[in-house]
Amino acid sequence: MELCMKILDRDMRTKAVNRGTDEVNLVYSQEYEPEDRIVLETSKEAAWIWLQFDDALGRSLVYVTGNVTYIVPFGEKRINLSPKAFYGKKHLLCARKARDFETDIYRNLAVNVCDQHHLENCYPHVSANVETRGEAVFAAQNAIDGVTVNTAHGEWPYQSWGINRQADAVIRLSFGRTVEIDKIILYCRADFPHDNWWKSVKFTFSDGSELKMQMEKSVLPHELDFPAKQVSWLEMGQMVKSGEPSPFPALTQMEVYGREIRVS
């Protein structure tokens with residue numbers, strides 16, 4: 001598989017580029033500028049790839065269905081990320097084709113440090129019908145960034161998915177292919193007494209099934225085990241908050257465990 005990693009400016013002019021077979025590394029020795037973007041090009045229509053857009057973000061095992069364009073965040077759009085991310089004059093970007101033994105294991109299928117609102121061909125990907133005030137620190141993507149610190153709220157590392165007090169809030173996790181799952185773990189934000197908490201939430205799955213998770217007031221993760229099901233997406237909604245006075249329940253992290261389904 002041929003891979004190409006490049007950095008483009010606001011006028012789509014190439015600032016740096018490197019290519020490789022099954023693996024590519026790009027060292028960028030300049031400061032980023034507003035509207036810069038990072039592009040991963042791949043010769044395969046669908047592939048599992050270890051992807052790193054910034055060494056401070058780390059890498060994720062993602063499933064891509066075409067070229068991926070990541071917008072380098074600036075200003076308010078980056079305060080949900082480590083302050084080291086995309087900062088300074090030296091950056092390491094990497095992409096590598098995943099090996100079968102790396103993909104074909106039981107793992108968290110819901111972590112992607114590379115997710116952004118528009119990235120609907122780099123999975124897992126999350127979307128929601130509300131994000132508090134449209135702020136990055138309350139964006140849906142925060143729920144799958146791998147950070148489970150939940151005892152405060154605001155800028156990194158306390159980013160979360162905020163529902164803006166909306167009773168019909170829904171978050172969708174898309175896998176981009178059919179996978180087999182049997183466990184969901186939720187880290188609810190627990191900045192008490194600022195935060196409220198959910199007594200229960202309902203999961204709806206692409207196969208038409210539904211499950212309800214009962215929860216309690218806790219900083220600890222909530223786990224839901226169920227018979228394995230094959231799905232391409234799931235939604236969390238119908239979140240019932242407690243009767244405590246705070247109007248601010250929120251989700252810090254969602255983990256979904258399972259395996260790939262190989263098509264022969």
Side-chain angles (χ1 to χ4, degrees), residues 1-74 77-78 81-126 141 144-147 174-179 258-264:
M1 178 170 59
E2 300 306 311
L3 296 171
C4 176
M5 187 84 78
K6 61 177 66 174
I7 299 170
L8 306 178
D9 68 11
R10 67 177 66 191
D11 298 314
M12 305 302 289
R13 294 175 298 199
T14 301
K15 303 174 74 172
V17 62
N18 199 19
R19 295 176 173 84
T21 300
D22 291 343
E23 183 171 6
V24 62
N25 296 286
L26 176 60
V27 178
Y28 184 56
S29 300
Q30 298 182 48
E31 291 186 357
Y32 285 110
E33 298 175 302
E35 299 183 52
D36 279 354
R37 60 203 62 206
I38 301 167
V39 179
L40 170 69
E41 297 177 348
T42 172
S43 62
K44 291 190 66 175
E45 292 185 0
W48 286 268
I49 292 177
W50 283 105
L51 184 58
Q52 175 175 295
F53 284 136
D54 187 89
D55 44 281
L57 287 182
R59 64 177 189 165
S60 284
L61 177 53
V62 297
Y63 180 74
V64 302
T65 56
N67 298 339
V68 178
T69 299
Y70 185 93
I71 308 301
V72 178
F74 275 81
K77 296 301 181 183
R78 59 169 292 148
L81 306 177
S82 166
K84 299 184 289 293
F86 304 105
Y87 179 79
K89 294 184 177 180
K90 186 162 289 187
H91 313 274
L92 177 59
L93 299 77
C94 310
R96 175 175 65 79
K97 177 185 176 182
R99 301 177 176 91
D100 288 349
F101 68 81
E102 294 175 309
T103 59
D104 296 344
I105 60 173
Y106 187 79
R107 58 189 175 89
N108 178 15
L109 299 169
V111 59
N112 182 4
V113 300
C114 305
D115 197 29
Q116 284 189 324
H117 279 107
H118 66 282
L119 280 182
E120 296 185 354
N121 65 339
C122 181
Y123 300 96
H125 171 68
V126 285
Q141 69 191 56
I144 62 168
D145 64 3
V147 179
S174 300
F175 299 105
R177 76 282 189 197
T178 300
V179 297
R259 298 179 184 275
E260 299 290 346
I261 299 174
R262 287 293 183 178
V263 178
S264 57

Seminar exercise, completed: Distance col, row L57:CG vs K84:NZ, nearest 0.5 angstrom, shows 10.5 Å
For this session: Report yes or no: do T21 and E2 form a side-chain donor-acceptor pair below 3.5 Å?
Result: yes
Problem set entry | Sidechain N-carboxylate O distance under 4.0 Å for D36, K15 | yes
Seminar exercise, completed: Rounding to 0.5 Å, atoms CH2 (W50) and SG (C114) come to a distance of 11.0 Å
Exercise. If every non-hydrogen atom of A95 is compared with every non-hydrogen atom of L40, which pair is closest and at what distance?
Worked result: CB-CD1, 3.7 Å
Problem set entry | Check: F175 ring centre within less than 6.0 Å of Y123 ring centre | no
For this session: Evaluate the criterion side chain to side chain contact (heavy atoms under 4.5 Å, CB included) for residue pair I7 and L26; output intermediate values, then yes/no.
Result: CA-CA 9 Å; I7 299 170; L26 176 60; 4.1 Å; yes
Problem set entry | Trace of the side chain to side chain contact (heavy atoms under 4.5 Å, CB included) decision for W48 with K97 | CA-CA 6 Å; W48 286 268; K97 177 185 176 182; over 6 Å; no
For this session: Take Y87 and R78 through the test side chain to side chain contact (heavy atoms under 4.5 Å, CB included) and record every step on the way to the result.
Result: CA-CA 10 Å; Y87 179 79; R78 59 169 292 148; 4.1 Å; yes
Exercise. Backbone N or O of D145 within a donor-acceptor pair of the D115 side chain at under 3.5 Å?
Worked result: no
Exercise. Does the side chain of H125 come within less than 4.5 Å of E120's, by heavy atoms?
Worked result: yes
Exercise. L92 versus Q52: any side-chain heavy-atom pair under 4.5 Å?
Worked result: yes
Seminar exercise, completed: Between P124 and I144 the two heavy atoms that sit nearest each other are O-CD1, 3.8 Å
Exercise. So, are E102 and R96 salt-bridged, with charged N and O less than 4.0 Å apart?
Worked result: yes
For this session: Taking all non-hydrogen atoms of both residues into account, name the closest pair between M1 and T42 and its distance.
Result: SD-OG1, 3.2 Å
Problem set entry | For C122 against V64, the heavy-atom pair lying closest together | SG-CG1, 4.1 Å
Seminar exercise, completed: Shortest non-hydrogen pair, V62 vs N112, comes out as CG1-OD1, 3.4 Å
Exercise. Say you draw a straight line from OG of S29 to NZ of K89; how long is it, rounded to the nearest 0.5 Å?
Worked result: 10.5 Å
Exercise. Would C94 and V24 count as a side chain to side chain contact (heavy atoms under 4.5 Å, CB included) if you check the C-alpha gap in whole Å, the side-chain angles of each, and the deciding distance to 0.1 Å?
Worked result: CA-CA 6 Å; C94 310; V24 62; over 6 Å; no
Problem set entry | Shortest non-hydrogen separation from A46 to Y63 and the atoms involved | CB-OH, 3.4 Å
Exercise. Just how far is it from atom CD of E45 to atom CG of N67, taken to the nearest 0.5 Å?
Worked result: 11.0 Å
For this session: First locate atom CD1 of I49, then atom OG of S60, and finally report the distance between them rounded to the nearest 0.5 Å.
Result: 12.5 Å
Seminar exercise, completed: Quick note, ring-ring contact (aromatic ring centres under 6.0 Å, His included) partners involving residues 3-45, not counting sequence neighbours, are Y28-Y32, Y32-F86, Y32-H91
For this session: Inspect the contact between R107 and E260 and indicate whether a charged nitrogen and a carboxylate oxygen are less than 4.0 angstrom apart.
Result: yes
For this session: Would you indicate whether the side-chain heavy atoms of K6 and V39 approach each other to under 4.5 Å?
Result: yes
Exercise. I38 and side chain to side chain contact (heavy atoms under 4.5 Å, CB included): which partner among I71, T69, L93, L8?
Worked result: L93
